[in-house]
Amino acid sequence: MHSGNHCRVSVSPAKKGNGIVFSIGKDSIRASFDRISDTIMCTKLSSVNGSVVSTVEHLAAALYGLEITDVKIKVEGGEVPILDGSAIQFVEAFTSAGIEKFHDIIQTLRIKKTIKIQDEERWTSLSPADSFSINIECDFMAKGLKTDPFSFDFAKDDFTEEIAPARTFGFFSDIEFLRKNNLAAGASLDNTIVFDNKGLPINKEGLRLSNEPLRHKVLDIIGDLSMTGSRIIARFDSFCPSHRMNNMILKALFADKDSFELVD
Ligand SMILES: [Zn+2]
């Protein structure tokens with residue numbers, strides 16, 4: 001998606017307690033918020049030795065959504081393939097491979113007090129709740145796209161049906177900027193919904209789901225927040241969420257030991 005390189009990922013079973021670990025050649029990187037090195041357009045992880053893997057968020061979201069906690073992920077080409085821009089192909093692959101249940105109780109991160117971060121008009125907060133819910137609002141009016149607020153609650157809603165199929169999106173007006181900055185080199189209408197300046201998709205097939213852009217934002221948030229390494233019990237609210245803000249809120253959370261507890 002970003003490098004334009006051919007890339008490949010193989011996901012294999014791992015022992016209980018292994019967690020989610022990427023391997024690049026002989027090097028490895030744990031999927032953890034403190035290994036995130038870059039959040040421009042996607043989430044990139046870096047090892048202490050300097051190996052990198054980009055665009056981990058959709059694969060990470062598929063693993064979280066299916067409650068898969070222990071896998072080895074071999075990456076070739078420095079990036080997780082974008083596939084169709086959503087997480088549905090990962091979900092289908094994991095479901096057809098089969099999922100073994102071996103944790104009686106999974107480590108859970110429970111928020112004890114509200115943490116909020118702000119960046120000009122953007123803000124994000126995590127607050128105490130009884131389930132993991134994500135409630136977001138975006139403002140793409142400057143690009144001509146009107147979107148309604150969107151909420152997803154793991155206790156009530158279906159990740160595979162409502163979130164996993166939502167594709168990456170972008171704006172026709174941004175294409176020149178992206179090309180000039182060598183970003184999104186592999187983007188095409190096969191992996192990205194592109195909106196024109198009237199807010200209409202130029203892709204022939206149209207949208208898969210109502211409010212698909214905000215559903216995709218929720219997918220990205222699930223992938224980014226999965227970098228806690230735990231199941232999450234919190235209410236996530238955001239106005240104009242981004243990969244950068246998702247990482248900032250985790251750093252703010254882990255910097256304040258009174259704001260959360262880990263329960264087994
Ligand atoms: Zn995404």
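Quick note: numbers below take in every heavy atom, side chains included, and nothing from hydrogens, waters or symmetry partners. Predicted model, so just to flag it, every value in this text is computed and none were measured. In each ligand, atom 1 is the first atom listed, and ligand 1 is the first ligand listed.
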Q: Taking both backbone and side-chain atoms into account, decide whether E57 has an N/O/S atom under 2.8 Å from the Zn ion (ligand 1).
A: no

Q. Cation over ring, R231 on Y64, under 6.0 Å and within 45°?
A. yes

**Q.** Single-linkage hydrophobic cluster I193~I175, side-chain heavy atoms < 4.5 angstrom
**A.** no

Q) Angle at the Zn ion (ligand 1) between OD2 of D220 and NE2 of H58, to 10°? A) 150°

Q) Mind checking whether F172 and F195 have ring centres under 6.0 Å apart? A) no

**Q.** 2.8 Å cut-off met by an N, O or S atom of H216 to the Zn ion (ligand 1)
**A.** yes

Q: Please confirm whether the backbone N or O of A155 pairs with a side-chain atom of D153, one donor and one acceptor, at under 3.5 Å?
A: yes

